[in-house]
Structures are given as C-alpha cells and as structure tokens.
Amino acid sequence: MQETSRRHFLAAGAAAAAAWGLPQHARAAAAYPDKSVRVIVPFPAGGTTDVVARLAMQKLGELTGQSFVVDNKGGANGVIGTELAARATPDGYTLLMNTAGAQTLSPVLYKTSYEALSSFEPISHLCDVGFVLIARKDLPVNSLQELVAMAKQGKPLSVSSGSSMISLITEQFKKVIGAPGIVNAQYKGTAPQMQAVVAGEVDFSFDSFTSVEMIRTGKVKALAVLLPQRAEVFPQVPTIKEAGVDGMGFSSWSGLLAPKGTPRDIVAQLAQQMDKVMQMPDVLAKLRSYSYVPRRGTPDEFARLIESDNERWKRIVKESNFKAE
C-alpha cells in the first residue's frame with residue numbers, strides 16, 4: 001500500500017512540474033522524498049502547533065512512504081525555530097510547521113532574521129485556531145465577569161503567555177478591561193504556559209484549546225472563548241463578547257512552509273498531498289475535537305493570508321503602541 005501511494009505521489013509531482021513549465025533537470029526532484037524529512041516546530045511539544053504537526057505529518061508519511069519527523073525547537077516566542085527553518089537548505093528535506101504568531105506577528109515585534117513571507121515558500125494552510133480563557137481551578141471566580149471585577153478591584157492577578165500572539169492578546173485584554181496591574185508572566189511556549197495554570201503558578205491564561213482535557217477533568221476552569229460563536233466542545237462556555245468584553249477579535253492558524261528557494265515542484269507535491277490529508281475523516285475529527293477549523297487551499301492562497309496577516313499586525317501594533325518584552 002505504501003509503495004502504491006508513493007508511486008502516485010511521484011507521478012503527481014511530475015505532473016505538477018510539467019504543468020508549471022519546469023525544465024527537465026528540475027523535474028528530477030520528482031523523486032522526492034527519498035529519505036526522511038525534518039519538520040521544525042518552533043514551540044515545545046504539546047502546544048497547538050505541535051499537536052497539528054504530529055497529526056498531519058503522520059498522515060503525510062503514510063501517503064509518501066517516508067518519515068516526516070517533527071523536531072521541536074522552541075524559544076523566543078517561536079523565533080528561534082522559525083529562523084532555523086529559514087536558514088535551512090531549500091531542498092524539501094527541512095520544512096516548518098508554524099503558527100500565525102511566529103510567522104506574521106513576531107517579525108513585527110522583534111528584530112528577526114526572517115520576513116513573514118519573503119523568507120519562505122508557503123505550502124498549506126491547515127487550520128484556524130481560536131482561544132479559550134482558562135483559570136486555575138481554585139481561583140475564587142466562576143465567570144469572566146467575576147474575574148474582571150477582581151482585576152478592577154486591584155486584586156493581584158497573574159497571566160501566562162507563551163507566544164507573541166498570546167502576549168498581544170493578554171495586553172489587549174488588560175487594556176480593554178482597564179486592569180494594567182495584571183502581571184504577564186512569559187513562558188517558552190503554549191504548552192508550558194497552559195501547564196502554569198494547571199500547576200497554579202499563575203491565575204489565568206489564553207490557551208489555544210490544548211487544555212481541552214484539563215477543562216473536562218476540572219483541572220482548570222474555562223471562563224470564555226475567543227471565537228465568533230461558542231465552541232462545539234464546550235457549548236456552555238460563553239464567547240468573550242457574550243461575557244461583556246469587546247475588542248478581542250483574535251485568532252491564529254497553523255500551516256506548513258518551506259525555506260525560500262525550495263523547488264516549486266516539491267512545493268506543489270506537498271501541497272497536493274496536504275490537501276488529501278485535510279480531507280481525511282479522522283484528521284478532521286481530531287482537529288474539531290480541539291475546536292480547530294480545518295482549511296484547504298493553494299500555496300498562493302496561503303501566501304496571501306500570510307501577507308494580509310503581516311500587514312494587519314503592523315497596523316494593530318502601531319495603533320496599540322504595543323511593546324514586546
């Protein structure tokens with residue numbers, strides 16, 4: 001079965017190369033992949049990007065007959081791993097599974113050695129990701145309104161952030177509710193950020209639904225979701241707007257990219273195979289169990305999303321005068 005899938009994969013790549021008008025020597029890359037592929041995730045294991053990467057890369061490996069090995073390189077809000085991927089040899093054997101924050105927001109906030117779009121070849125937009133506001137289980141509040149009231153009363157509160165996106169969300173939340181005294185504690189990724197709430201190190205956090213099981217088992221409280229509508233997994237939890245807090249329209253995404261200069265026929269092959277992965281019922285079910293919204297599209301469509309996001313963050317950061325720590 002794997003050999004049959006591999007033949008189909010190579011044939012599809014050759015067809016894509018021919019369709020894009022590539023010369024014969026460039027089509028030799030249709031033999032790709034003939035060894036394992038490294039997939040950098042610029043965050044620790046257990047976070048959103050890691051969860052999506054491991055699910056999708058397992059399926060991609062089954063389709064191609066080669067291993068797509070997830071390599072977690074967390075730190076600096078995703079910048080370290082993303083810079084590493086940008087510098088990699090553009091031969092298709094190093095890829096990047098990234099999120100909107102590290103890809104499009106971090107280059108606005110920090111002096112990165114990569115650009116949101118010009119340093120990469122977009123391959124596939126896999127899913128959109130919302131957020132849920134979680135609180136430690138023994139925090140004496142049972143609703144977002146009670147948390148806001150506590151903050152406005154000047155009670156000492158702390159919040160964890162593990163990515164540039166969540167740090168920006170946190171600072172916007174403090175501004176919107178008028179509670180600048182909330183302490184924003186920085187963690188090296190969204191998984192340790194969420195675990196900090198479970199362990200009681202901080203009072204609350206904006207989590208990208210990796211805390212689903214923690215919420216179900218009562219290890220943390222879910223107070224609101226940052227989504228246009230209530231999450232299917234927790235229909236009893238109000239949206240943040242329903243709970244009385246406006247101006248919090250944030251969302252993220254996960255997507256697959258390659259270093260700039262990766263052969264176009266390899267990018268086309270990978271995009272076609274990821275499109276198949278994103279139609280698999282078990283993949284869709286798993287993503288939806290985290291309230292992630294599955295997406296499909298071409299590399300060009302993904303490139304337009306990255307460019308649009310990057311421009312939007314430039315505007316938001318300038319208007320809010322947000323400064324990254």
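These figures come from a predicted structure and were not determined experimentally.
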We want to know whether [X] and [Y] form a side-chain donor-acceptor pair, criterion being a heavy-atom distance below 3.5 angstrom.
| X | Y | value |
| --- | --- | --- |
| Ser36 | Ser67 | no |
| Ser106 | Thr112 | no |
| Glu171 | Asn184 | yes |
| Thr49 | Ser254 | no |
| Ser113 | Glu83 | yes |
| Asp265 | Tyr32 | no |
| Gln66 | Tyr93 | no |

Closest heavy-atom pair and its distance - [X], [Y]:
| X | Y | answer |
| --- | --- | --- |
| Tyr114 | Ala86 | CB-CB, 4.0 Å |
| Cys127 | Val52 | SG-CG2, 3.9 Å |
| Ala56 | Met97 | CB-CE, 4.5 Å |
| Gln229 | Thr239 | C-CG2, 3.5 Å |
| Met248 | Val245 | CG-CG1, 3.9 Å |
| Ala191 | Ala45 | CB-O, 3.4 Å |

Exercise. If you draw a 6.0 Å radius around CD in Gln153, do more than 12 non-hydrogen atoms from other residues or ligands fall strictly inside?
Worked result: yes
For this session: Inspect the surroundings of CD in Glu307 and state if more than 12 heavy atoms from other residues, nucleotides or ligands are less than 6.0 Å away.
Result: no
Expected output: side-chain [X] to main-chain [Y] donor-acceptor under 3.5 Å:
| X | Y | value |
| --- | --- | --- |
| Asp71 | Ile40 | no |
| Ser160 | Gln193 | yes |
| Lys188 | Ser163 | no |
| Lys174 | Ile182 | yes |
| Lys260 | Pro90 | no |
| Thr210 | Gly47 | no |
| Thr99 | Ala102 | no |

When rounded to the nearest 0.5 angstrom, what distance separates [atom1] in [X] from [atom2] in [Y]?
| X | Y | atom1 | atom2 | answer |
| --- | --- | --- | --- | --- |
| Asp309 | Leu117 | CG | CG | 11.5 Å |
| Phe43 | Ser208 | CZ | OG | 9.0 Å |
| Ser205 | Ile134 | OG | CD1 | 5.5 Å |

Exercise. Among the clusters formed by ILVMFWY side chains lying less than 4.5 Å apart, do Ile80 and Ile166 turn up in the same one?
Worked result: no
Exercise. In terms of hydrophobic clusters joined by side-chain contacts under 4.5 Å, are Leu226 and Val176 together?
Worked result: yes
For this session: Please say which of Arg296, Arg295, Lys59 ends up in a salt bridge (Lys or Arg N to Asp or Glu O under 4.0 Å) with Asp275.
Result: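 In the set Arg296, Arg295, Lys59, the residue that makes a salt bridge (Lys or Arg N to Asp or Glu O under 4.0 Å) with Asp275 is Arg296.
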Exercise. Going through the checks in order, is the salt bridge (Lys or Arg N to Asp or Glu O under 4.0 Å) test met by Asp282 and Lys286?
Worked result: CA-CA 6 Å; Asp282 54 339; Lys286 185 66 173 179; over 6 Å; no
Exercise. How are the rings of Phe173 and Phe206 set to each other: parallel, tilted or perpendicular (split at 30° and 60°)?
Worked result: perpendicular
Exercise. Where does the angle between the aromatic ring planes of Tyr290 and Tyr292 fall among parallel (under 30°), tilted (30 to 60°) and perpendicular (over 60°)?
Worked result: parallel
Exercise. Going by an N to O cut-off under 4.0 Å, is there a salt bridge joining Arg304 and Asp300?
Worked result: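 Looking at Asp300 together with Arg304, the answer is no, because their closest N to O distance does not fall below 4.0 Å.
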Exercise. Do NZ/NE/NH1/NH2 and the carboxylate oxygens of Glu242 and Arg230 come within less than 4.0 Å?
Worked result: yes
